[in-house]
Student: 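Structure below; questions to follow.
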Amino acid sequence: MTIRRAAVRLMAPESIALKTAVGLKRSRCQPACQAITRSLRHSSTTAAAQSPWANFTQAPPDPIIGLTEAYQNDDFPQKVNVGVGAYRDDSGMPFVLPVVRQVEKEITAEELDHEYSGIAGCPSFVDLAMKFAYGEDCVPLLEGRIAGVQTLSGTGGLRVFGEVLNSFGHTEIHIPNPSWGNHVPIFRNAGLDVKTYSYYNKENSSLDFEGMIADIKNIPEGKCILLHVCAHNPTGMDPQIDQWKEISSVVKEKKLLPFFDCAYQGFASGDARIDAASLRLFVEDGHKVALVQSFSKNMGLYGQRVGALSVVADSQEEAQRVLSQLKVHIRPSYSNPPRHGARIVQKILSDEQKTDAFVEQCSSMAGRINSMRATLKQTLEDLGSSRDWSHITKQIGMFAYSGLTKEEVTVLREKHHIYCTLDGRISMAGVTSKNVKYIAEAIHDVSK
Ligand code: KET
């Protein structure tokens, strides 16, 4: 079946030739048609017989990254990419934090070598990354009982820990519904069955806390639960601190293993130093958490693939054993992580002034996003939209979970050349003072 489909694809250009030939006088075209058909049959069968890839079907584009590809192929002048969660400045350009530029110059001047990193990456980077998330006064950190490794950003850390879970007998993981789209294939590819717990109420565009607690209570004992530290993707709705306390006690009651994904530290409150309150609360409550951190968004280091994976253990000795297992999974996967991104983060977080500059620059990114939230909501109201858009300013982080349907998103894309994910998630990081009116008009048009 698939082979036949592949052969049909191979035939496609030539059937055009056939049609052209058919347009000629029948008697004159007959031999030509026969020759084309013969060569076609020959080329498709030999291709199918010879190529080991002949039964590869065309995979669909990635639901998030695929949008960037479609956007790049679109030549409409006012096209807008609000698909991937990547920050843009108010001119719609990628933004390199000034403090990152500064340390890059320092790194270049140091003329460092390009030796392999260790399997666990740069130890001083890992220590600083952990302090940044858990806080300097975190007891397990001070006691040296957190095992940490550098990872290929958040995605790589999630995959490594998924594999580790699987190899130590976990068969499933519970993620919020909805969650970041890539969580599902990451954990599936790591061999886990991906299940969901309630998180969001579409009716009133807010957190479904009761549903969440009820579902967590139904997770079988000892299973792994994935939690977003802050700025939940895609909904932009986080539990309040009191709600986190309740989640922590239910997770404890059920002896679940909390696995935190921290991809937006700095984009929730605007202060990177305090955005990890949920994680810190769980650690204070005595949970043996695992954590994945990404520096893609808050330091704008997307392409550098810099992140960390850490696991809180009972003792230093246990942390060493955990570390050894993390390394066992990393070594045959990608051997060791790249150095440059970790050097950048290490230089920033090891210097108080630079850390302050980073926190401030990250806060200004979050501030620009928030001002775009307000403008987008206001413009929709000014246009006379009858829908309630108040959730746009209630939500936090990089995304507006707009509530637009798949059909509306498709019209937005096809008619207005605005690219957002099919679940109606709009990356507010791509909204600027120049395109906000165009976006609002288009949203109003598709949602009338
Ligand atoms: N966790 C979450 C919740 C997340 O949104 C992302 C990326 C990641 C982890 C991984 O990021 P990394 O660059 O591997 O550190 N999310 C955006 C980009 C993407 O899909 O890859 C997004 O949702 O647009």
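This structure is a prediction, so every number in the text was calculated from the model and none was measured. When a ligand or atom number is given, it counts from 1 through the structure's own listing order. Positions are given from 1, in the same order as the sequence printed here.
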Student: Give the single entry among Tyr264, Phe295, Tyr302, Trp180 that approaches atom 9 (C) of ligand 1 most closely by any heavy atom.
Tutor: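 Looking at heavy atoms only, Trp180 sits closest to atom 9 (C) of ligand 1.
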Student: Return the residue, atom name and 0.1 Å-rounded distance of the protein heavy atom closest to atom 14 (O) of ligand 1.
Tutor: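 Here the nearest protein heavy atom works out to Thr155 OG1, 2.5 Å.
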Student: Is the closest heavy-atom distance from Lys297 to ligand 1 below 4.0 Å?
Tutor: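 Yes.
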Student: For the rings on Tyr200 and Tyr401, is their centre-to-centre separation under 6.0 Å?
Tutor: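 Distance test on ring centres: under 6.0 Å, yes.
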Student: Looking only at N/O atoms, are Leu158 and ligand 1 under 3.5 Å apart anywhere?
Tutor: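 N/O-N/O distance below 3.5 Å does not exist for this pair.
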Student: Taking distance alone, with N or O pairs closer than 3.5 Å, would you say Gly154 contacts ligand 1?
Tutor: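 Yes; the residue has a nitrogen or oxygen that sits under 3.5 Å from a nitrogen or oxygen of the ligand.
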Student: Heavy atoms only: which of Arg159, Gln304, Arg425 lies closest to atom 22 (C) of ligand 1?
Tutor: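 Comparing heavy atoms across Arg159, Gln304, Arg425, the nearest one to atom 22 (C) of ligand 1 lies in Arg425.
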Student: Is the closest heavy atom of Asn182 to ligand 1 under 4.0 Å?
Tutor: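 Under 4.0 Å: no for Asn182.
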Student: Is the closest basic N to carboxylate O distance between Asp445 and Lys415 below 4.0 Å?
Tutor: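 Answer for the salt bridge query: yes.
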Student: Is the closest N or O pair between Ser294 and ligand 1 shorter than 3.5 Å?
Tutor: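 Between Ser294 and ligand 1, an N or O pair is found under 3.5 Å apart.
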Student: Taking the six-membered ring for Trp, are Tyr199 and His232 parallel (under 30°), tilted (30 to 60°) or perpendicular (over 60°)?
Tutor: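 If you compare the ring of Tyr199 with that of His232, the planes turn out parallel.
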Student: Among all protein heavy atoms, pick out the one at the shortest distance from atom 1 (N) of ligand 1; state its residue, atom name and that distance to 0.1 Å.
Tutor: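 Here the nearest protein heavy atom works out to Asp261 OD2, 2.7 Å.
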Student: Do any nitrogen or oxygen atoms of His228 come within less than 3.5 Å of a nitrogen or oxygen of ligand 1?
Tutor: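 Among all N and O atoms of His228, none is under 3.5 Å from an N or O of ligand 1.
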Student: Verify the ring-centre separation between His340 and His114: is it less than 6.0 angstrom?
Tutor: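 Distance test on ring centres: not under 6.0 Å, no.
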Student: Using side-chain heavy atoms (C-beta onward) and a distance below 4.5 Å, is Thr151 in contact with Pro337?
Tutor: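 Counting from C-beta outward, Thr151 and Pro337 never come under 4.5 Å.
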